[in-house]
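Basis for what follows: all heavy atoms, side chains included, without hydrogens, waters or symmetry-related copies.
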Amino acid sequence: MRIRTAALATAAGTALLAAAALPATAQPSAAPAAASRPGVTEGSVSAADLLAKVKNCSQISNGKYRTDEETPATVPVCGKKNAVFWKADMDVDCDGQVTAKCNKDTDPWFQADTRFHQSDGKPLNAEKLPYVVVPSVSGIWNYESAGIKGGGVVAIIYNNKVEYAVVGDTGPEKIIGEASYAAAKGLGIDPDPATGGAESGVTYILFKNSKASPIESHSEAVTRGDALAKKFLQEN
């Protein structure tokens, strides 16, 4: 989980602002996101339809989360039928297997493990697998008792794009808003773990009691996610 200090945030500020502005100016359509992973569909449910169902928040968390260590706590976890959601930023998580893009040289916070593992027991591969980080269990919110589990399916919405991911890691108890290198890249967000990410505008919808199996199969997450998203629209 990215726990940015004020100094690092200041040093990376220009790059973050540039990354946040890029999709609106340089990527007017969803095509670049699809092209980043050839042959993988993000499903048939539109971002607009999903966002219409999460306009209002029925808060289920006992408090609110920070998006970074130095920011105020402003983000609640909200409840819907068979789903929870939050609206936050996206910090880039590179934890898990060591790859060319995710390692100690590229990521100042790198850890060679993830809370949930592949079917072969290895940590997840942040460079290849879109996954979301949930806050560790605390008095603010308990993801486990809310029906959210490792491998659970998530719809991430950003800049009118929908990407399906899995719950792959846990982070600090008081911070929210993080996803893997692959998740950021698929949405057209700068995936650099040190200076990339999006400062705001990211919606995460987590489907309760769902699971992509095996967890490392993104195509399985997309297939299940599309069906769950359709059900979400019908039920809410």
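- Of all heavy-atom pairs spanning A184 and P191, the tightest one is CB-CA, 4.0 Å.
- When all heavy atoms of T71 and R66 are compared, the pair lying nearest together is O-NH1, 2.5 Å.
- Side-chain contact check for V132 versus V166: every heavy-atom pair is 4.5 Å or farther apart.
- Annotation: K208, atom NZ; neighbour count of heavy atoms from other residues, nucleotides and ligands within 6.0 Å is above 12.
- Considering CG of D95 and CG of D107, their distance stands at 6.5 Å, rounded to 0.5 Å.
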Stepwise side chain to side chain contact (heavy atoms under 4.5 Å, CB included) check, T203 with V54
CA-CA 9 Å; T203 300; V54 295; 4.2 Å; yes
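- Proximity of a side-chain donor or acceptor of S210 to a complementary backbone N or O of F207 within less than 3.5 Å is detected.
- For the pair N103 (side chain) and A100 (backbone), a donor-acceptor distance under 3.5 Å is present.
- Atom CG of residue N125 and atom OH of residue Y181 lie 11.0 Å apart, to the nearest 0.5 angstrom.
- Side chains of S46 and D49: a donor on one and an acceptor on the other come within 3.5 Å.
- In this structure, H117 and L124 have side chains that are not in contact, with every pair of non-hydrogen atoms separated by 4.5 Å or more.
- The number of heavy-atom neighbours closer than 6.0 Å to CG of N56, taken from other residues, nucleotides and ligands shown, is 12 or below.
- Put simply, the side chain of K174 never gets that close to the backbone of A73: no donor and acceptor are under 3.5 Å apart.
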Test side chain to side chain contact (heavy atoms under 4.5 Å, CB included) on N159 and L187 and set out the steps.
CA-CA 8 Å; N159 195 32; L187 288 166; over 6 Å; no
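- Residues W141 and V84 are in side-chain contact: their nearest non-hydrogen atoms beyond the backbone lie under 4.5 Å apart.
- In this structure the side chain of Y65 reaches within 4.5 angstrom of the side chain of P135, judged on heavy atoms.
- Inter-residue side-chain proximity for Y131 and D93 is flagged as met; some heavy-atom pair is nearer than 4.5 Å.
- Note that the CZ atom of R115 and the OG atom of S136 stand 8.5 Å from one another [nearest 0.5 Å].
- From E127, atom CD reaches atom OG of S180 across 10.5 Å, with rounding to the nearest 0.5 Å.
- Residues V222 and H218 are in side-chain contact: their nearest non-hydrogen atoms beyond the backbone lie under 4.5 Å apart.
- From K128, atom NZ reaches atom OG1 of T99 across 8.5 Å, with rounding to the nearest 0.5 Å.
- Across all their heavy atoms, G196 and V92 have their closest contact at C-CG2, 4.3 Å.
- Side-chain contact check for M90 versus Y158: every heavy-atom pair is 4.5 Å or farther apart.
- The two residues C94 and F110 make their nearest non-hydrogen contact at O-CE1, 3.1 Å.
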Worked check of side chain to side chain contact (heavy atoms under 4.5 Å, CB included) between K101 and T106:
CA-CA 7 Å; K101 300 295 185 181; T106 62; 5.7 Å; no
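- Side chains of Q118 and D120: a donor-acceptor N/O pair is present below 3.5 angstrom, by distance only.
- Ion pairing between K230 and D226 holds under the 4.0 Å rule for side-chain N and carboxylate O.
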Test side-chain hydrogen bond (donor to acceptor under 3.5 Å, both in side chains) on S213 and E220; report intermediate values, then the result.
CA-CA 7 Å; S213 184; E220 176 72 4; over 6 Å; no
Could you walk me through whether L206 and W86 satisfy the side chain to side chain contact (heavy atoms under 4.5 Å, CB included) test, starting with their C-alpha distance in whole Å, then the side-chain angles of each, then the deciding distance to 0.1 Å, before giving a yes or no?
CA-CA 9 Å; L206 292 72; W86 56 80; 3.6 Å; yes
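- Looking at every heavy atom in both residues, D192 comes nearest to T195 through OD1-N, 3.1 Å.
- The CD1 atom of I205 sits 11.5 Å away from the CG atom of L228 when rounded to the nearest 0.5 Å.
- Counting only distance, with no hydrogens or angles, the side chain of Q97 and the backbone of A112 share no donor-acceptor pair below 3.5 Å.
- Between F85 and Y204, the closest side-chain pair of non-hydrogen atoms is not below 4.5 Å.
- Residue pairs that meet the disulfide (SG to SG under 2.5 Å) test with at least one member in residues 60-90, sequence neighbours left out, are C57-C78.
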